[in-house]
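Below is one structure, written out as structure tokens; the observations come after it.
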Amino acid sequence: MTTRWSRRGLLAAAASTGTAVALGVPAQSHAAPQSAVRAAEADEFTTLRAKWRTLILGEGFSPTAEPFKSRLAELGTTATQLGSAMAPASGSLWPDLVYADPEPDTDQESYGYSGNLNTSYNRLNTLAQAYCQQGTGLTGDATLEAAILTGLDHLHDEVYNAGQTRYGNWYSWQIGAPQALLDVCVLMYDSLSATQIANYVAAVDHFVPDSAVASYSGTSTGANRVDLCRVLALRGIVGASSAKVALARDALSPVFPYVTSGDGLYKDGSFVQHTTVPYTGSYGSVMLGGLGMLFALLTGSTWQVTDANRQIVFDAVENAWAPFLYNGLVMDGVSGRAISRGVSATDAKQIQQNDHLRGHPILASIVLLGQSASATENARWRGLVKGWIQRDYYSPPMSDPSLGLTGLARLKGVVDDTTVTAIAEPTGHRLFTGMARATHRRPGWAASISMADRRITYYETGNGENLRGWHTGSGMLYWWGDTYANGQYSDAFWPTVDPYRLPGTTASRTALADAAGGDWGASLPDVNWVGGATDGQRAAIGQYLKGLQSTLMAKKSWFCVDDSIVCLGAGIKCTDGTTVESTIENRNLGPTGGHSFTVDGTAYPATYPWSQTFTGAGWAHIGGMGGYVFPGGATFDALRDTRDGKWSDINKGGSTTVLNRKYLTLCVDHGTNPTNGGYAYLLMPGATAAQTQARAAATDWLTILANTDDQQGVAVPSSGFTGVNFWFGGTVGDLVASDPCSVTISEKSDGTAVICVSDPMRMRTSLTLTWNRAVSAVLSKPAGVTSATTGSALRLTFEDMTGLAGVSQKITVTLG
């Protein structure tokens with residue numbers, strides 16, 4: 001009788017002889033016969049194909065229950081249309097997707113041809129899913145099966161084969177096309193001949209050789225690296241190559257460790273891709289989803305991912321992703337050029353991508369990743385996801401037209417799980433010095449600030465996308481309410497907003513060309529002072545701003561406190577010969593725009609167009625949104641305007657349909673060629689007109705300690721908060737700094753205080769900070785504080801801070 005060797009038995013046998021079956025080390029004579037090894041491996045590849053099939057088709061849902069019934073029927077309809085339109089010909093599989101490049105190179109035109117190859121494989125993947133899923137009306141359809149096989153052979157014979165030289169976008173050949181091809185191979189495995197499988201994996205080997213992951217550099221980092229590992233793992237599973245699967249597993253390891261520059265995850269929660277671009281919401285989403293799938297695929301197998309550093313990925317769910325998720329959306333400030341992907345010119349359904357629709361797949365990925373995490377982590381993440389699902393009133397995830405069946409099924413499982421209690425939105429402040437971003441989350445609202453420095457680009461353009469994102473890194477201040485304003489950036493904001501008047505930014509009106517500054521985040525401002533200090537609840541954030549292709553310079557600060565954000569600007573100068581503006585607000589009020597607008601108690605018309613200049617104004621309020629307070633009075637322009645725009649204006653692949661949205665804009669006009677412009681205002685999300693008026697009347701609530709080109713600082717006595725950004729050393733209120741730094745102080749009711757100090761420039765080899773306040777004892781301090789003298793004043797001496805990456809140093813003291 002022949003005994004089938006289990007995988008565990010094989011590993012035990014290998015272990016007992018010091019051999020490693022997966023590495024192909026010759027076994028000792030008393031080990032399992034090679035025929036048994038091969039049979040066990042074949043069984044394991046069968047198991048892994050079944051697991052991958054489940055991962056891409058979904059599980060745990062009824063094909064006769066909504067929303068799955070309708071989605072499956074829609075899949076069947078789409079597949080029927082695609083099948084009818086398929087017309088294999090020289091240079092194309094579908095007439096509208098010509099992949100034959102008459103002049104193959106790497107220009108934009110060639111990108112289009114290689115993209116059509118990618119799309120062709122994705123269409124075959126759609127057909128294969130319609131064939132395999134229940135309830136599509138095409139399940140097991142012989143005609144559809146024949147069409148899929150014909151398509152696979154046609155693309156192989158014509159273009160995706162071991163004899164072809166790639167052209168256009170590398171991504172199409174190494175990630176896009178092979179991922180779709182291998183998915184189809186798994187789904188249609190029983191219908192494929194050995195020759196077909198050999199041909200297809202040989203093509204993948206040609207375009208994605210082992211050398212693609214030999215070095216952690218170039219296009220083989222971060223999310224791209226995870227995608228390449230997915231290709232190698234599936235190639236190994238489809239082609240029964242243990243070595244390929246092992247290579248894929250091992251090649252994941254460089255993704256896990258924290259980085260200090262370039263692509264990857266940082267200790268502070270930053271995620272960067274393309275060297276200089278904050279990308280938590282786009283490439284980060286891909287990486288999270290890809291790792292979740294690969295962990296789930298390989299768990300329990302010979303090739304299980306056991307690298308201890310994978311815990312960094314689990315930690316990143318709450319360290320890196322959760323801070324940028326709010327009511328189901330993922331904040332646009334960390335989505336790079338993806339913000340310009342609204343409606344594609346080729347999308348017949350005109351489904352608009354937006355921050356909510358980018359957020360939902362991240363929620364589904366967190367659920368999947370939880371299957372490989374600890375029970376405690378999994379339970380908490382499911383609670384977070386349930387909360388985000390329940391609160392997404394603007395774009396309910398279970399009605400998301402772009403979320404795949406597998407994602408829907410994972411989220412539905414959380415919704416229906418009565419053991420899971422929804423967790424409220426996390427609150428607190430997070431400063432991501434690794435990518436020049438900050439989030440401030442309070443009960444009832446959340447905000448995010450986007451900046452740029454020597455390490456982080458102004459914005460990313462590339463592939464004809466995000467052509468006018470020029471000023472998104474110039475201090476853009478995003479904010480959302482718990483039950484309001486969640487469509488601010490979702491509802492055709494990017495194609496219709498004035499790109500020179502992004503909320504929170506200071507910008508020159510100098511006309512910029514589309515894609516100004518260069519592709520792939522190439523343009524970096526020549527500044528070091530960007531960052532701030534935070535105790536995890538409040539913060540002082542600062543940006544030394546230099547304009548993109550402009551002579552503009554400015555010092556910008558945000559002091560994030562309990563119910564508001566204090567915004568200061570100073571030293572604003574420019575010699576461009578054009579107007580410079582600081583945009584207080586630019587609210588997208590949708591197609592109708594009927595929100596009220598009040599200044600100092602007087603309501604102004606809700607008609608379009610309308611504009612007025614206010615002088616000495618104390619406060620303003622936008623109905624249903626929030627309030628703005630101007631300490632000491634301010635001059636600003638307010639205007640209501642109707643703006644037309646097309647997605648194709650900002651993305652060459654976008655829809656040409658003209659969209660119209662109404663905006664209410666508040667901005668400070670610094671004039672032409674300003675020499676020392678400034679501004680000061682409070683943003684109060686969700687405040688009523690009465691609350692805004694009351695804050696304006698409480699003149700002792702806020703003290704502006706400094707707002708100059710040298711220092712900016714504020715004090716909020718009622719909450720014991722002081723925040724100062726020292727652009728240069730000097731004295732501000734009770735604080736004296738020897739050198740540039742950022743400082744926050746929070747005095748507590750128990751007689752203690754927390755001082756946080758950072759070196760945003762990452763250049764201080766020493767720093768002395770004096771707080772002229774009586775301090776009796778130092779309760780805690782980091783090792784970097786070499787001296788702490790107490791008494792009538794606190795004097796802190798810091799050693800070399802250059803290696804701290806701008807992270808705040810926290811000191812706790814007892815007040816004297």
Side-chain angles (χ1 to χ4, degrees), residues 447 449-451 471 474-479 498 500-509 529 532 540-547 550 552-561 564-574 576 578-587 599-600 611-622 626-639 664-685 692 695-696 699 701-716 723-725 727 732:
I449 302 167
S450 295
M451 302 169 286
H471 298 303
S474 297
M476 186 167 180
L477 175 56
Y478 304 78
W479 62 271
D498 182 342
Y500 297 92
R501 286 178 171 166
L502 299 178
T505 64
T506 298
S508 165
R509 295 294 300 193
W529 209 124
I541 308 297
Q543 177 181 19
Y544 177 17
L545 173 66
K546 287 189 177 181
S550 167
L552 171 69
M553 290 188 285
K555 303 291 175 55
K556 296 172 69 69
S557 289
W558 300 265
F559 299 95
C560 303
V561 293
S564 57
I565 299 176
V566 183
C567 306
L568 300 183
I572 300 170
K573 54 188 176 182
C574 185
D576 289 353
T578 57
T579 298
V580 173
E581 296 174 333
S582 291
T583 303
I584 299 166
E585 187 57 274
N586 204 351
R587 281 279 108 180
V599 178
D600 290 339
S611 65
Q612 185 165 324
T613 299
F614 294 90
T615 302
W619 62 276
H621 184 266
I622 301 176
Y628 311 82
V629 175
F630 307 100
T635 297
F636 66 89
D637 296 329
L639 63 150
L664 178 53
T665 308
L666 312 181
C667 62
V668 177
D669 184 349
H670 301 293
T672 300
N673 294 341
T675 57
N676 191 27
Y679 61 82
Y681 65 92
L682 277 72
L683 166 66
M684 300 178 65
T692 307
R695 176 58 54 82
T699 55
W701 183 85
L702 173 72
T703 301
I704 296 179
L705 301 172
N707 189 21
T708 71
D709 198 30
D710 294 334
Q711 297 98 16
Q712 292 174 306
V714 304
V716 182
V724 180
N725 288 326
W727 303 105
V732 175

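No hydrogens, no waters, no symmetry mates; every other heavy atom, side chains included, goes into these values.
Nearest heavy-atom pair across L545 and T506 is CD2-O, 3.3 Å. Taking every heavy atom of both residues into account, S550 and D576 meet most closely at OG-OD2, 2.5 Å. Of all heavy-atom pairs spanning V668 and G678, the tightest one is CG1-O, 4.3 Å. Of all heavy-atom pairs spanning A447 and L477, the tightest one is CB-CD1, 4.2 Å. Taking each heavy atom of N707 and A680 in turn, the nearest pair found is ND2-CB, 4.4 Å. The two atoms that bring Y544 and A554 nearest to each other are CD1-O, 3.5 Å, heavy atoms only.
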Side chains of residues 628-638: which donor-acceptor pairs under 3.5 Å do they make with residues two or more places apart or in other chains?
unit_1 : atom_1 : unit_2 : atom_2 : d
Y628   : OH     : E585   : OE2    : 2.8
D637   : OD1    : T613   : OG1    : 2.7

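If you take OG1 on T665 and CZ on R587, they are separated by 11.0 Å, rounding to the nearest 0.5 Å. Annotation: the span from H471 atom NE2 to T505 atom OG1 amounts to 7.0 Å, rounded to 0.5 Å. Residue L683 holds its CG atom at 10.0 Å from OG1 of T692, rounded to the nearest 0.5 Å. Distance CG/L568 to CG/N725: 9.0 Å, rounded to 0.5 Å. Rounding to the nearest 0.5 Å gives a distance of 10.0 Å between CH2 of W558 and CD1 of I565. In this structure, CE in M476 is found 10.0 Å from OG1 in T583, a value given to the nearest 0.5 Å.
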Assess the residue pair Y679 and E581 against the criterion (side chain to side chain contact (heavy atoms under 4.5 Å, CB included)); give the C-alpha distance rounded to whole Å, side-chain angles, the decisive distance to 0.1 Å, and a yes or no.
CA-CA 10 Å; Y679 61 82; E581 296 174 333; over 6 Å; no

Should V716 and L702 be marked as a side chain to side chain contact (heavy atoms under 4.5 Å, CB included) after you check the CA-CA gap, both sets of side-chain angles, and the distance that decides it?
CA-CA 5 Å; V716 182; L702 173 72; 4.1 Å; yes

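No side-chain donor-acceptor contact under 3.5 Å links D709 to the backbone of A570. In this structure, the side chain of Q543 engages the main chain of G475 through a donor-acceptor pair within 3.5 Å. When atom types are taken as modelled, the side chain of D600 and the backbone of G618 share a donor-acceptor pair closer than 3.5 angstrom.
Ion pairing between a basic and an acidic side chain is recognised when a charged N comes within 4.0 Å of a carboxylate O; R509 and D498 show such pairing.
Listed by chain and number, the residues in a ring-ring contact (aromatic ring centres under 6.0 Å, His included) with W727 are W529 (sequence neighbours excluded).
Heavy atoms from other residues, nucleotides or ligands lying under 6.0 Å from NZ of K546 number more than 12.
Here the options are L552, N676, V580, the test is side-chain contact (heavy atoms from CB on, under 4.5 Å), and the partner is H670; only V580 passes. Exactly one of T578, T579, T672, N673 qualifies for a side chain to side chain donor-acceptor pair (under 3.5 Å) with S508. That residue is T578.
A cation-pi arrangement is found for R695 relative to W701, the charged atom lying closer than 6.0 Å to the ring centre and inside a 45° cone about the ring normal.
Looking at L682 and V566, their side chains come closer than 4.5 Å, going by heavy atoms from C-beta outward.
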